[in-house]
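Along the sequence shown, the residues carry numbers beginning at 1.
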Amino acid sequence: MAIRLLLVADTHVPKRARTIPDAVRRAASEVDLIVHAGDWVTEAVLDEFLALGPVLGVWGNNDGADLRARLPEIARAEIEGVRVAVVHETGAATGRERRMDAAFPDTDLLVFGHSHIPWDTTTPAGLRLLNPGSPTDRRRQPRCTMMTLTLAEGTIRDLALHEVVRD
């Protein structure tokens with residue numbers, strides 16, 4: 001069996017966008033699990049994602065006590081034989097791979113956010129690091145983004161970075 005995932009982070013609604021972009025809603029309707037790496041900003045955004053489908057998510061540095069009461073700082077799940085962890089912040093890009101190897105030794109895939117910069121690397125120990133960017137706040141990036149991928153038989157497949165055109 002294969003499980004399709006939508007990866008998002010740093011939605012910052014309503015601070016950076018009034019609503020979740022339609023492209024994100026459409027993508028959420030086509031996957032089995034939504035993974036959100038924090039900075040939702042309001043509980044209403046979490047509730048909206050939960051209405052779209054199952055969510056594996058964490059709180060970020062812009063999330064208040066209400067979201068921190070509902071979400072963990074680090075989320076973990078084993079999905080189709082892939083050990084997944086989600087965290088908002090991983091620190092500076094320099095040295096990230098080695099730090100994450102040390103922090104997440106029993107993990108195959110780490111999804112993170114915070115920087116708004118799409119990221120896809122594999123650490124020396126084989127840990128895949130993915131940051132989907134932000135679907136609402138591109139900061140210094142050329143476009144707003146999200147990712148999709150498939151987990152099947154212990155592997156990560158069909159990874160795609162998608163541009164999000166804001167409504």
Side-chain angles (χ1 to χ4, degrees), residues 1-12 20-40 45-46 49-50 52-60 71-139 141-165:
M1 189 169 140
I3 303 293
R4 294 271 305 148
L5 278 66
L6 169 64
L7 308 183
V8 294
D10 300 288
T11 44
H12 291 277
I20 298 167
D22 286 340
V24 175
R25 286 193 189 99
R26 282 191 302 275
S29 72
E30 297 171 357
V31 299
D32 304 299
L33 180 65
I34 302 160
V35 178
H36 194 301
D39 276 2
W40 316 71
V45 176
L46 171 59
F49 272 102
L50 287 168
L52 294 170
V55 172
L56 178 65
V58 297
W59 54 261
L71 296 163
E73 181 178 11
I74 300 170
R76 297 179 187 273
E78 184 165 331
I79 305 167
E80 285 302 304
V82 178
R83 298 166 300 174
V84 178
V86 185
V87 66
H88 182 62
E89 197 168 344
T90 60
T94 303
R96 177 178 286 142
E97 286 78 9
R98 293 200 189 285
R99 283 193 320 274
M100 294 308 100
D101 272 345
F104 295 92
D106 297 324
T107 304
D108 302 308
L109 169 62
L110 177 64
V111 180
F112 66 99
H114 189 62
S115 69
H116 299 218
I117 300 170
W119 189 276
D120 178 6
T121 59
T122 301
T123 70
L127 171 61
R128 188 78 174 264
L129 302 177
L130 296 176
N131 183 331
S134 171
T136 58
D137 184 11
R138 64 184 181 87
R139 284 198 186 158
Q141 300 306 299
R143 62 191 61 88
C144 293
T145 57
M146 63 184 170
M147 289 178 171
T148 56
L149 59 84
T150 301
L151 300 180
E153 299 174 352
T155 64
I156 300 165
R157 302 178 183 170
D158 308 320
L159 174 65
L161 178 68
H162 304 274
E163 179 177 358
V164 176
V165 178

Spacing of [atom1] belonging to [X] relative to [atom2] belonging to [Y], to within rounding of 0.5 Å:
X    : Y    : atom1 : atom2 : result
N131 : T90  : CG    : OG1   : 7.5 Å
L130 : W119 : CG    : CH2   : 11.5 Å
L109 : L129 : CG    : CG    : 8.5 Å
T150 : I3   : OG1   : CD1   : 9.5 Å
W59  : I74  : CH2   : CD1   : 9.0 Å
L56  : F49  : CG    : CZ    : 13.0 Å

Inset, instruction - Let me see the working for V45 and I20 under side-chain contact (heavy atoms from CB on, under 4.5 Å), right down to the final yes or no. - result: CA-CA 8 Å; V45 176; I20 298 167; 4.1 Å; yes

Inset, instruction - Not counting sequence neighbours, which residues clear side-chain hydrogen bond (donor to acceptor under 3.5 Å, both in side chains) with E97? List them please. - result: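 Counting only residues at least two positions away or on another chain, E97 forms a side-chain hydrogen bond (donor to acceptor under 3.5 Å, both in side chains) with T121.
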
Inset, instruction - Kindly write out the residues that satisfy side-chain hydrogen bond (donor to acceptor under 3.5 Å, both in side chains) with H88, not counting sequence neighbours, or none if the list is empty. - result: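 Checked H88 against side-chain hydrogen bond (donor to acceptor under 3.5 Å, both in side chains); matches are D39, N61, H114.
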
Legend entry - Pairing residues for H116 by the ring pair (Phe, Tyr, Trp, His ring centres under 6.0 Å) criterion, not counting sequence neighbours: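 Counting only residues at least two positions away or on another chain, H116 forms a ring pair (Phe, Tyr, Trp, His ring centres under 6.0 Å) with H12.
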
Tell me the closest heavy-atom pair linking [X] and [Y], and the distance in Å.
X    : Y    : result
A37  : V86  : CA-CG1, 3.8 Å
V164 : P21  : CG1-CB, 3.8 Å
T11  : P135 : CG2-CG, 3.8 Å

Can you check whether [Y]'s main-chain N or O pairs, donor with acceptor, with [X]'s side chain at less than 3.5 Å?
X    : Y    : value
D101 : A125 : yes
S134 : T136 : yes
W40  : V58  : yes

Can you pull out every salt bridge (Lys or Arg N to Asp or Glu O under 4.0 Å) where at least one residue sits in [range]? Sequence neighbours excluded, please.
range            : value
residues 153-163 : R143-E163, E153-R157
residues 112-131 : D120-R128
residues 74-94   : R83-D108

Apply side chain to side chain contact (heavy atoms under 4.5 Å, CB included) to [X] and list each qualifying residue two or more places apart in sequence or on a separate chain.
X    : answer
R138 : Q141, C144
A27  : L6, M146
A92  : none
R99  : R96

Is there side-chain contact between [X] and [Y], with at least one heavy-atom pair below 4.5 Å?
X    : Y    : answer
H162 : T148 : yes
V84  : T107 : no
P132 : L161 : no

Inset, instruction - Applying salt bridge (Lys or Arg N to Asp or Glu O under 4.0 Å), name anything that partners R98, two or more places apart in sequence or on another chain. - result: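 Checked R98 against salt bridge (Lys or Arg N to Asp or Glu O under 4.0 Å); zero matches.
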
Identify all side-chain donor-acceptor contacts of residues 28-35 below 3.5 Å with residues at least two apart in sequence or on another chain.
from : atom 1 : to  : atom 2 : distance (Å)
S29  : OG     : R26 : O      : 2.6
D32  : OD2    : R4  : N      : 2.8

